[in-house]
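Structure first, commentary second.
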Amino acid sequence: MTGGEALVRNLAAHGTDVVFGIPGNHNLGIYQYLAASNIDHVLARHEQGCGYAADGYARVSGRPGVALVTAGPAVLNTLASLGQAHSDSVPVLLLSPGMPLRHPARGNGHLHETKNQQAAVDAVVEVSHRVTSVSEIGDAVSQAFVDMTAGRPRPVHIEVPIDVLDESADVEIARPVPLAKPSAPTEELTRAADLLAESARPGIVVGGGARFAAPQVRRLAERLGAAVVTSTNGKGTLPEDHPLSLGAGAHLPAAAEWVRSRDVLIVVGSDLGSSDLWNGPWHLDGTLVRIDIDPRQIMVNAWPDVALVSDAAQALDSLLELLGEGSASKSSVGEAAGWASRIRAETAEEGALWHREIQTIGEVLAHDAIVAGDSAAVCYYGLRANLPLYQPASFLYPTGYGTLGYGLPAAIGAKVAAPDRQVVAVLGDGGVMFTIAELASAAAARLAIPVIVVDNGGYGQIRHNMARRGYSPLGVDIPSPDFAAVGRALGCHGVTIESPEHLGEELAKALVSDRPTVLHVMEGDSPA
Ligand SMILES: Cc1ncc(C[n+]2csc(CCOP(=O)(O)OP(=O)(O)O)c2C)c(N)n1
Ligand SMILES: [Mg+2]
């Protein structure tokens with residue numbers, strides 16, 4: 001079979017059921033076989049959209065998302081999305097052609113020639129591998145799936161030279177490598193369990209690394225009577241209406257105070273990074289237990305007293321077993337309620353500008369809804385800690401890398417992964433323009449995604465930061481297009497929202513529509 005067929009058949013053998021792609025001359029040898037396969041193809045309109053959609057798909061499905069693009073500019077167009085996936089530990093596979101095997105890449109004018117395409121991608125992902133023969137493709141795909149899923153989830157790249165795509169060889173279709181997740185040594189687990197058993201004021205912090213350990217997080221919290229604070233990526237891992245949930249406002253002063261008052265703090269799958277703790281790192285007076293699958297990660301930002309290098313679910317299962325039966329005291333739930341109301345007061349103040357809109361969204365959405373956000377104030381000051389969510393990986397947000405334009409294509413990937421769940425995108429008027437073309441992709445795929453654009457006439461946060469430093473505003477006041485009309489022109493419905501009640505009505509309609517709906521909301525219309 002040809003290199004193109006080998007690639008497609010090996011992907012299918014690894015469970016790939018959809019790719020987010022854009023065809024071009026150099027990847028025709030892949031598209032030829034994709035069309036004949038059982039793998040679906042969702043067309044994006046810009047390659048960063050392919051990458052963000054693959055990311056949203058991966059976060060929601062729990063399986064690697066695959067982006068397929070052509071060479072050169074198409075590959076470079078994906079880089080911001082791969083950087084985001086790396087930063088948030090999301091398994092995304094980029095497939096692309098590369099220059100022919102014997103092409104010197106010395107400026108001799110080959111279409112899409114890049115000085116060193118593979119090195120450019122390698123600088124951003126876990127590994128970029130350029131295969132050099134058809135027979136190698138099966139192993140390369142298996143290795144890519146190992147790199148993406150064996151330990152910490154990671155983005156990877158496979159580059160197939162154009163000539164290899166069309167060459168033929170005998171190829172065996174690879175099988176997925178059976179993977180065992182790492183688990184911590186018994187000695188360390190016992191130390192952690194003893195500390196927790198003796199703790200009078202335990203606390204749990206949950207990051208994105210705990211997204212497959214939601215039942216265990218809940219059981220541990222209930223067993224210990226320990227309240228749970230999540231990072232942005234951990235949002236919803238413990239349902240946010242649970243009496244022990246303190247929500248996703250890790251950066252708030254009250255959350256930092258709660259952390260400091262714990263005698264044992266257990267952190268599961270979080271780097272405790274400054275993109276979550278933007279008011280400064282936490283100070284810990286108690287003992288710190290960390291669980292992380294990545295031994296290179298387990299000490300960053302806070303050295304643990306006990307380090308459990310392990311898959312989160314496995315470590316928590318072991319701790320629960322060691323702790324045995326028992327139940328938390330009633331007073332611990334009462335204590336959690338006190339902290340929850342303090343944190344909620346700070347959260348509400350931070351999100352006051354969007355209070356009524358967020359309340360409306362919360363009333364309309366189902367319990368298992370997914371919200372895809374962007375680096376807009378309505379998301380990081382508003383939704384993150386003010387909109388309760390109830391499922392792990394239900395808040396798709398570009399946390400560490402902080403890219404703009406993530407929310408809309410990520411929502412597309414999420415809706416493809418979970419067509420029966422509600423998926424809503426919320427973006428600022430600045431961020432939405434980075435990937436606005438993906439409205440056409442969502443419309444073509446007939447996805448019932450409400451796209452809420454919150455308009456404050458430009459780059460609000462940057463305008464604010466310029467003013468705070470006493471600078472004259474430059475490049476931040478941006479006249480908005482009529483976003484509802486833009487939506488309609490690209491095949492969506494489009495509505496200009498007049499009040500929070502109107503938002504509720506239109507959001508409810510958009511969730512069951514035959515296509516996406518742009519909901520253009522003016523910021524600051526509602527009283528705080
Ligand atoms: C790809 C990218 N380019 C630039 C930035 C810098 N940046 C951060 S926030 C922001 C403003 C975004 O405007 P908008 O989406 O309307 O949100 P608002 O700040 O108004 O709430 C900009 C330009 C970024 N985060 N990502
Ligand atoms: Mg704005």
Side-chain angles (χ1 to χ4, degrees), residues 44 46-53 55-56 76-88 123-124 155 232 251 273-276 278 350-355 357-358 361 371-387 395-411 424-439 451-469 471-484 486-487 496-497 518-526 528:
H46 183 283
E47 287 84 4
Q48 69 174 327
C50 298
Y52 293 137
D55 172 314
L76 297 195
N77 278 345
T78 68
L79 290 189
S81 64
L82 297 173
Q84 188 60 59
H86 192 266
S87 157
D88 282 350
V124 179
T232 308
H251 65 290
S274 58
S275 47
D276 262 291
W278 69 71
E350 194 176 66
L353 189 56
W354 311 275
H355 169 70
E357 284 80 5
I358 292 173
I361 294 170
V371 177
D374 213 58
S375 276
V378 63
C379 295
Y380 47 81
Y381 293 143
L383 298 170
R384 174 218 305 260
N386 286 288
L387 178 75
F395 189 54
L396 314 182
Y397 180 77
T399 311
Y401 211 45
T403 188
L404 287 170
Y406 171 83
L408 170 58
V424 180
V426 183
L427 304 101
D429 57 310
V432 72
M433 294 295 276
F434 282 65
T435 48
I436 194 129
E438 303 310 339
L439 286 174
V451 181
I452 300 175
V453 180
V454 178
D455 186 350
N456 56 12
Y459 298 150
Q461 188 60 40
I462 309 302
R463 183 199 293 131
H464 173 83
N465 293 350
M466 284 176 175
R468 210 178 46 184
R469 292 172 177 227
Y471 304 164
S472 307
L474 177 64
V476 288
D477 293 313
I478 310 170
S480 296
D482 178 344
F483 282 111
V486 172
T496 305
I497 297 298
V518 175
L519 302 164
H520 184 182
V521 178
M522 299 304 163
E523 185 170 287
D525 277 2
S526 67

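Atoms within each ligand, like the ligands themselves, are counted from 1 in listed order.
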Worksheet item: Can you tell me the protein heavy atom closest to atom 13 (O) of ligand 1 and the distance?
Response: Tyr459 CD2, 3.4 Å

Worksheet item: Below 3.5 angstrom, do we get any N/O pair linking Glu523 and ligand 1?
Response: no

Worksheet item: Hey, is the Mg ion (ligand 2) within less than 2.8 Å of some N/O/S atom on Ile478?
Response: no

Response to the item:
Restricting Asp429 to its N/O/S atoms, the closest one to the Mg ion (ligand 2) is OD1

Worksheet item: Are any of the N/O atoms in Val454 less than 3.5 Å from those in ligand 1?
Response: no

Fill in: Winner among Leu427, Leu404, Asp455, Val432 once heavy atoms are compared against atom 2 (C) of ligand 1
Leu404

Fill in: For atom 3 (N) of ligand 1, the protein heavy atom that lies nearest, with its residue and separation
Phe434 CE2, 3.7 Å

Item to complete: Quick one: look at Ile462 and ligand 1, take heavy-atom pairs under 4.0 Å, and tell me if it's side chain, backbone, both or neither.
Response: side chain

Fill in: Top protein contact for atom 16 (O) of ligand 1, by heavy-atom distance
Gly430 N, 2.7 Å

Worksheet, complete the sentence: If you scan protein heavy atoms around atom 21 (O) of ligand 1, the nearest is Ala377 N, 2.9 Å

Worksheet item: Below 3.5 angstrom, do we get any N/O pair linking Gly402 and ligand 1?
Response: yes

Item to complete: Mark up the atoms of ligand 1 that fall under 4.0 Å of a heavy atom belonging to Gly460, in ascending order.
Response: 18 (P), 19 (O), 20 (O)

Worksheet item: Which of the atoms of ligand 1 are close to Thr403, meaning less than 4.0 Å from one of its heavy atoms?
Response: 1 (C), 26 (N)

Worksheet item: Among protein heavy atoms, which lies nearest atom 9 (S) of ligand 1, and at what distance?
Response: Ser375 O, 3.8 Å

Discussion item. Considering non-hydrogen atoms of the protein only, which is the closest contact for atom 19 (O) of ligand 1, and what is the distance?
Written reply: Gln461 N, 2.9 Å

